[in-house]
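Okay, so here's the structure we're looking at.
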Amino acid sequence: MSTPSTNAPTGRRRPNAGDGPELVPTHSDEPLLQVRDLTVGFRTEDGRVSAVDQVSFDARAGELLAVVGESGCGKSVAATALSGLLPHNATVTGSVRLDGVELVGASPDQLRAVRGKEIAYIFQEPMTSLNPVFTVGRQVAEVLRVHEGMNRRDAMSRAVELLELVGIPTPRERIKHYPHQLSGGLRQRVMIAMAVACNPRVLVADEPTTALDVTVQAGILDVLRDMRDRLGAAVVLITHDLGVVADVADRVMVMYAGRVVERGEVHELFERPRHHYTVGLLGAVPSARTADGQQRLREIPGLVPTLAEQPDACTFADRCPAASDKCRSSQPRLDVAPASRHEVACWHPAGTDRAEVPA
Amino acid sequence: MTGGRDVAGQTPVCEVVDLVKHFGPVRAVDGVSLRVDAATVVALVGESGSGKSTVGRLIVRLLEPTEGTVRLAGHDVSHLSRRAMRPHRRTVSIVFQDPASSLDPRLTVGGIVGEPLRLHGVASRDRARQVGEMLEKVGLRGSVAERYAHELSGGQRQRVSIARALVSNPSLLVADEPTSALDVSVQASVLNLLADLQRDLGFACLFITHDLSAVEYLADEVAVMYLGKLAEQGPREQIFNSPRHPYTQSLLSAAPVPDPSAQRARRRVVLSGDIPSPVNPPSGCRFHTRCPVAVERCSTEVPELRLAGGSEVACHLVADDGTGPDVRRGDSAPEPATAASGEPS
């Protein structure tokens, strides 16, 4: 357990800048969402499987935090655990405080009140998240009726405003349409409209553009940016796409095998990645620099370890070019580098910029 | 059909002419011509619904064209029966996107990779040797031959698919989104593998993808598809450095680059709406409903693919020397009334 929260239950006091080594000073205030040592395991036939191991992070109002990692790294589990959206065989420990209110261990009723209203989700595949037998207008309105107690008419006219807010042309017509009548991009905009219907303070977008084409993706990313700026929401964007991160993130958190391995401001992290996994990921993306056919893409040898147990070691050690004996016997913790807003969980961080890191 | 290149003498490994494929009312492919020369990598790029995968399946004759011609090494295979097609199956193979669903769960890896050889009548002893060699070429240990696909990781499975496709030593490999189902770090190793194998074994490759960064890494030539038709095709440098078609320009500008400073300084073109339905494609130029620079003529007259400044372009607004609008500069239609309506922001 780290950093006991000083927040009063009602949240937000003293917007004091001299409050310790905070990551991003520009967005002010205390973090809206404080996650500390969040650990999620699943009971399975083969014993306990650890999915998320002591993850800590803050999400601030008006800031977009990207959570990056490959499949199985725990990024989606961590995000769904925030509001208790996990199956029954999951065990969650640690702390998730929204404005100082503890959500881990909260009652189902409390969580239901938080979900959708305070913390809203956007998932990857809008077709499976929307109900095919109701019009999109009714589905957006339902959120408002449940959480805000609006009557049918008010909810419907608010739904029109919301569809307009997320950039859907002719919203008055569109509310009468069923999900199958909309394209993938429009469906995802409807999902965002539902998510932001109650002005959530935390908006979790889990691979929101992965199922979409690039020309449509750009528009959805614009909407997310817009929601961050206009609603002042803390946006948590889960993605595996480093291009998307480079485009919209304010801060980045890199996850590997259930743990946070690196965290920092976006420009800093891309320019000076310090964890060898991050270095590997950035080198694995083909780009103009590798296009002359001379330079090969960087490969990360080996496989992501199975998550049955989390050893007291660096989980990346077996794939890491810089690993030493220490890495295999002792788990590195996130550590603030001197004079930077950039943390890395590595015993031998890459110290130089990308080009000079050994291949 | 690829303009500006030396076509004399050499028979292309694969050539399709005016290829059309309709599935009922869906006009998936509507007049595509392209050629793949020996030992070159041609990337066929497009978004979902563009018909790029259908072109791939027509070339390996998993589908029969509605109209048009598919020629493999000069032979017209457009309407061959399964039986008559069989000898040609040695010369062309395909790798699919999802190795989990394209590998037989009941066969060992050795059985999967050896199957094409078995069908072509290779004796079992030779088969085992060739399978072993092929597995080694794709970076798998020989002992993997005894295992089943479900025991392997996604990247290993895709290596098995590639081994199966290449074991009969084809002259053309159709790779349909071979890395899209894989994680970034695994994608890199599969792309490296394809690049190495292509260089070492010298096969031609039609690389079907939506991932422009992979195209830039791997391809010699690029063909861009939109709603069943080619919008533009040409050498890789030409397409990436001076794209002529507004759709190519939009596509290139929309794909984010993993560099925050560069990405945020770029001007992105956000196209209005989504790709229209291939059941009822727009009249004239199929891109005109989303094109930021479309004029009246674009909605009535179908632009032909023609040579313009180093690549072949199907756009009325591009002059023969390749000059024309660049939507990335923020060019817009001279007559705003005919421009596609933008989304409210």
Side-chain angles (χ1 to χ4, degrees), chain A residues 69-73 164-165 167-169 171 182-186 189 211-219 221-223 226 240-249 252 265-271 277 280-288 290-291 293 296-301 303-304 319, chain B residues 46-50 153-156 182-193 195-196 199 210-219 236-237 240 247 250-264 266 268-277 290 341-345:
Chain A
E70 300 183 276
S71 47
C73 74
E164 190 159 19
L165 177 75
I168 295 181
L182 306 182
S183 65
L186 286 182
R189 284 174 196 255
L212 304 175
D213 284 320
V214 280
T215 55
V216 178
Q217 166 174 287
L221 294 178
D222 283 344
V223 177
D226 203 37
H240 69 281
D241 187 330
L242 293 163
V244 169
V245 176
D247 195 359
V248 299
V252 186
E265 189 272 333
V266 63
H267 291 90
E268 164 72 19
L269 188 130
F270 274 78
E271 275 158 35
Y277 176 64
L281 271 187
L282 287 168
V285 183
S287 69
T290 49
R296 290 165 61 81
L297 300 178
R298 188 190 301 272
E299 297 179 22
I300 303 178
L303 300 172
V304 179
R319 306 175 72 188
Chain B
E47 298 181 281
S48 47
S50 61
S153 71
Q156 289 173 323
L182 306 174
D183 271 320
V184 180
S185 65
V186 184
Q187 277 180 16
S189 65
V190 171
L191 287 175
N192 279 338
L193 175 69
D196 293 347
R199 195 186 50 234
H210 71 279
D211 182 352
L212 289 162
S213 58
V215 171
E216 195 168 9
Y217 179 61
L218 213 57
R236 179 191 66 202
E237 302 78 33
F240 278 89
Y247 177 63
S250 311
L251 205 56
L252 285 169
S253 90
V257 295
D259 177 341
S261 306
Q263 173 60 22
R264 287 166 204 215
R266 292 171 82 202
R268 295 173 314 137
V269 182
V270 176
L271 294 178
S272 59
D274 280 355
I275 192 165
S277 163
R290 300 171 77 199
S341 62
E343 283 180 339
S345 53

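Numbers restart at 1 for each chain; the letters A, B, ... are given by sequence-line order, proteins then strands. Hydrogens, waters and symmetry mates are skipped; everything else that's a heavy atom, side chains included, is used.
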What is the minimum heavy-atom distance between [X] and [Y], and which atoms define it?
X	Y	answer
A/Phe270	B/Pro258	CD2-O, 3.4 Å
B/Ala255	A/Val214	CA-CG1, 4.3 Å
B/Asp183	A/Ser71	OD2-OG, 2.5 Å
A/Ala284	B/Ala188	O-CB, 3.5 Å
B/Val270	A/Ala218	CG2-CB, 4.1 Å

Side chain, backbone, both or neither of [X] within contact of chain B (heavy atoms, under 4.5 Å):
X	answer
A/Val245	backbone
A/Glu70	both
A/Val248	backbone

*Got a second to check how far A/Leu297's CG is from B/Leu193's CG, nearest 0.5 Å?*
11.5 Å

_From CG (A/Leu212) to CD (B/Glu47), nearest 0.5 Å_ = 10.0 Å

*Check step by step if side-chain contact (heavy atoms from CB on, under 4.5 Å) holds for A/Val266 and B/Arg264.*
CA-CA 12 Å; A/Val266 63; B/Arg264 287 166 204 215; 3.7 Å; yes

*Can you list the residues that meet the salt bridge (charged side-chain N to carboxylate O under 4.0 Å, His left out) rule with A/Glu299, with sequence neighbours excluded?*
A/Arg296

*B/Asp211: salt bridge (charged side-chain N to carboxylate O under 4.0 Å, His left out) partners, not counting sequence neighbours*: none

*Apply side-chain contact (heavy atoms from CB on, under 4.5 Å) to the pair B/Val184 and A/His240, showing each step before the final yes or no.*
CA-CA 8 Å; B/Val184 180; A/His240 69 281; 4.2 Å; yes

*Go through the atoms of B/Ser261 and report whether side chain, backbone, both or neither lie under 4.5 Å from a heavy atom of chain A.*
both

